[in-house]
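The structure under discussion appears below in the form of structure tokens.
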Amino acid sequence: MSSQKLDQYLQPSAEDQRKEETLEKKRLVYVPETPENLPESFFIGIGYDGERHSAFIKLYEPTRRKIYHWYDNTNHKPYCLSDQSVEKLNENQSLMAHTGLDHLEAVRKYDALRDQEIDATMIVARDPLSIGGRPIGCIRDIVKAWEADIKYVENFIYDRRLEPGMPYRISGGQLVAAEYEPSADALRAVEEFLENESEEYRALAHEWIRLLECPVPEFRRVALDIEVYSPIATRLPDPREAEHPVICASLLGSDGKMRLLLLKRAGFELEEELPEINVKPEYYESEEKLLVELFKVLLNYPIVVTFNGDDFDLRYLWHRAQRLGFGADQIPIEMGRDVASLKYGIHVDLYKFFFNRSIQIYAFGQKYREVTLDEIGESLIGMGKKEIEAPVSDLNYGELATYCFRDAEIVLKLTSLDDDLIMKLMTALSRISFMTIEDVTRQGVSGWIRSMLYNEHRKRNYLIPRPDDILDLKGMTVTEAVIKGKKYKGAIVVEPVPGVHFNVAVLDFASLYPSIIKNWNLGYETIRCPHEDDLCRNNIVPGTPHWVCKRQKALESLLIGSLRDLRVNWYKPKSRDKKLSQPLKSWYNVVQNGLKVILNASYGVFGADKFALYCPPVAEATAAIGRYAITETIEKAKSLGVEVFYGDTDSIFLGSPNPSQLEQLVDWSRSSLGMELEVDKNYRYLALSSRKKNYLGVYPDGSVDIKGLTGKKRHVPQFLKKAFYVMIDILSQVKSEGEFEAAKEKIKEIVKDCYLKLKRHQYPLEELAFSVMISRSPGGYVKTTPQHVKAALLLVQRGVEVKPGDLIAFVKVVGEPGVKPVQLASSDEIDSTKYMEYISSTFEQVLDALGTEFEELVGITKLESYFASGEEG
DNA sequence: GCGGACTGCTTACCT
DNA sequence: ACAGGTAAGCAGTCCGCG
């Protein structure tokens, strides 16, 4: 059936329209009332009720596995702060005339930027939008205000000292924190490794232990995926228009319940049994009934998990339901500008979470390279999307259902992987950042750190500074970056000593930057502090004119420092402790990973201009101290008679150090720098070329570290990658200097084999394809048109949709423009010469280190002439 | 009009 | 919307060249 005809059929008939009008208009959305009493339940979500002018929190009760809402009954109100007195503000006509103003209240605050107590006025409003959020006429536009850009629900969390992810009870209508005491074991250990720290520091560490030791419940959840009819196969349906019907919905619960809802359509045969999946399909005569049923399921689960539900599934459902005449109280979805949330439970969009670069790199170690359900599913749980031959709209019921169901299955399995690791990671991050799971999964690491610091400010009655005040007082940077356009000088990379070095030890500083922030008391408060006496002014950061305060403590230093210490001394060792049970070990691993993500970003955020506590001198000072630490350490190593072959940021590669030399170096670092230097790894041998960030390290057991070499980069064609790894395999077996000659002979064979296969077109086109990510839409490249964009433009010409983030697979061909998308190319137009160049440069990186010229090894000139006179053209 | 030297853009990587 | 440093390949520009 043609798409056109089908679309016509899908227009509602007169009879359908009558049915629609008689659709039961009962209130569908169940909003749970606050119970008078509720046993231990976890605070996982938050919302603001505009009608009741009140925040409410969503509590997950783990026995009944249901959500309960608790409405604020403490009369918390939105507010911002002014440095003017109440009397002065009373004279401000526009403020006093503002309909949203509730009242003014004099308060004392501590201004950390100036290190003094100040008088301020709380401007209390009736609703959050009056403070800020409307395009015009907000209170924050009338008076210079502090703390006016913080979301109301965040203010509510900080002010009421609430802890997202932690257990609470409702007792006689009141919300009370459920007491949780960490194990004596944990408390004792923390006391031990923090014995030399201040009282204040130890108290903070205790708080973290309480938050991070507390068990996480099992979360009942449902994975949702929908399919929508589209008349044009290559175009995705627009969720804001929601023009076409929802034809299939899959719902997979962690409780084992499964639903598969299908819309009956003319021209397709009903299939009652779906052999591929073990679920009975439900056919619906009308889309309304399908949606009603779907909404009922959404209202039954505390957590709904989607992949891109914010921008597609839930958004589409919301608009579609509106279009079909559902009333607001019949749709269980709350639609924001960028977020789709739920009225009853919470919505986790895995796409947003996996998209987070820090999560991708540090939590999942680059296991997935593209942020697509197929790639993530394939690499984390070994389950990719179902392949389909035709557009979704043309599939028969069975194929459509299996396709849709598989997506939901991947989503559910991702959240269940490794004993619900992802749910636990979200909870851990939620507790560290004082944000709900819904927010933590949608914000970047700078948002988490901001929230963590804001919370501590409130806890201590600190005024949260305005970004312009920080910048005015602390200024910009003074060092010059190596890279044009960067703000300040970063880390040092030591010039490598080319060659093969046997018996190499790699030493590094245990979380260098967080250690620096801790030891040097760095923070926006303390860098270039206001005190004018020598005590502070003489405490100079090496290589900069910046001084650091000796009088007050920076919150950043306390928080980042205590998290660092807990990770290094407690969570990381515990995650490897063989005496612990598997679930406990995996929880410790989750926490240490969460901490890693946050600590890794903890320095960078201060140099990121969108960070709420942006303070360039803090970032600059951190990097400068890092440079100082590594250069001093290199000098010390040399003075001990140890050769330094290479180093990058926080590591040094040492040639055959003896135990005594290592010990002296480590001791020196502890006493002179106050930094923990440790042996990270030992290599049987290390192959260095003259290129920085580029090496091959072989461990005693024959496993290898490959860093920066082209052969391992994502975009490199398969055939070359395979050849490269065969070479690596040969090299990994080399045990002594003398064995390199034989290895080189073998490598020579690989390369020759590669050449010949290339020449004879023996590689399938797919193996010859470069695959490069396109970071904008193809039209967005105005300065230059790189090759992958040229290929993408050829695809677009043929009606293929190309979105930012897509991988473009292209091959190099003879003639203009030199590239073609792999789908459009044929074997005989491959530009063999270009590929030869690529092979040689890839191998050269390693051969350089072995002191061998590529040409000399392979005798390239002969081959080239063979090519030139050969069967080409 | 063409080619080499140069700069800048883009991607992927390292810490 | 964490940072800066490095490698590689290519696109585009400038300049000299009878």
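Heavy atoms only: backbone and side chains are in, while hydrogens, waters and symmetry mates are out. The sequence lines fix the lettering, A, B, ..., with proteins before strands; numbering per chain opens at 1.
Rounded to a whole Å, the CZ atom of A:Arg776 is 8 Å from the C1' atom of B:dT10.
Under a 4.0 Å N-O distance rule, the pair A:Glu525/A:Lys474 does not qualify as a salt bridge.
When heavy atoms are screened at a 4.0 angstrom cut-off, A:Tyr838 is found touching the sugar-phosphate backbone but no base atom. In this structure, A:Ser841 reaches the sugar-phosphate backbone alone: every heavy-atom distance under 4.0 Å involves primed, P, OP1 or OP2 atoms, never a base. Using a 4.0 Å heavy-atom criterion, one finds that A:Lys692 contacts the sugar-phosphate atoms exclusively. Residue contacts shown for A:Phe611 are absent, as no nucleic acid heavy atom lies under 4.0 Å away. A:Gly490 comes within 4.0 angstrom of the backbone, heavy atoms only, and of no base.
Less than 4.0 Å separates DNA chain B from no heavy atom of any residue of residues 619-634 of chain A.
Partners of A:Ser690 under the side-chain contact (heavy atoms from CB on, under 4.5 Å) rule, at least two apart in sequence or in another chain, are A:Pro498. The ring pair (Phe, Tyr, Trp, His ring centres under 6.0 Å) test applied to A:Tyr683 returns A:Tyr699, not counting sequence neighbours.
Aromatic ring orientation, A:Tyr524 versus A:His457: parallel (interplanar angle below 30°, classes split at 30° and 60°). Between A:Phe770 and A:Tyr835, the ring-plane angle classifies as tilted under the 30° and 60° cut-offs.
A nucleotide of DNA chain C counts as in contact with chain A when one of its atoms lies under 4.0 Å from a heavy atom; the first and last such, 5' to 3', are C:dA1 to C:dG12.
Cation-pi geometry between A:Arg450 and A:Phe611 is not met: the NZ or CZ atom fails to fall both under 6.0 Å from the ring centre and inside 45° of the normal.
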Do any N or O atoms of the protein come closer than 3.5 Å to N or O atoms of nucleotides 2-7 of chain B, and which pairs are they?
none

Could I get a table of every N or O pair under 3.5 Å where one atom is in the protein and the other is in nucleotides 12-15 of chain B?
from, atom 1, to, atom 2, distance (Å)
B:dA12, OP1, A:Arg714, NE, 3.4
B:dA12, OP1, A:Arg714, NH2, 2.8
B:dA12, OP1, A:Met773, N, 3.0
B:dA12, OP2, A:Arg714, NH2, 2.9
B:dC13, OP1, A:Arg369, NH1, 3.1
B:dC13, OP1, A:Arg714, N, 2.8
B:dC14, OP1, A:Gly708, N, 3.0
B:dC14, OP1, A:Lys712, NZ, 3.3
B:dC14, O2, A:Lys693, NZ, 2.9
B:dT15, OP1, A:Tyr695, OH, 3.1
B:dT15, O3', A:Asp650, OD1, 2.4

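Between A:Phe434 and A:Tyr454, the distance separating the two ring centers is not shorter than 6.0 angstrom.
Side-chain N or O atoms of A:Thr479 include none that pairs as donor or acceptor with a backbone N or O of A:Tyr488 at under 3.5 Å.
Under the 3.5 Å distance criterion, with hydrogens and angles disregarded, no donor-acceptor pair is assigned to the side chains of A:Lys367 and A:Gln360. In this structure, a donor-acceptor pair under 3.5 Å is absent between the side chains of A:Thr477 and A:Glu620.
With A:Leu768 as the partner, the side chain to side chain contact (heavy atoms under 4.5 Å, CB included) test is satisfied by one option alone out of A:Asp831, A:Leu758, A:Val822: A:Leu758.
Using a 4.5 Å heavy-atom cutoff, the side chains of A:Ser775 and A:Pro804 are not in contact.
The side chain of A:His788 places an N or O atom within less than 4.0 Å of a non-bridging phosphate oxygen (OP1 or OP2) of B:dT11.
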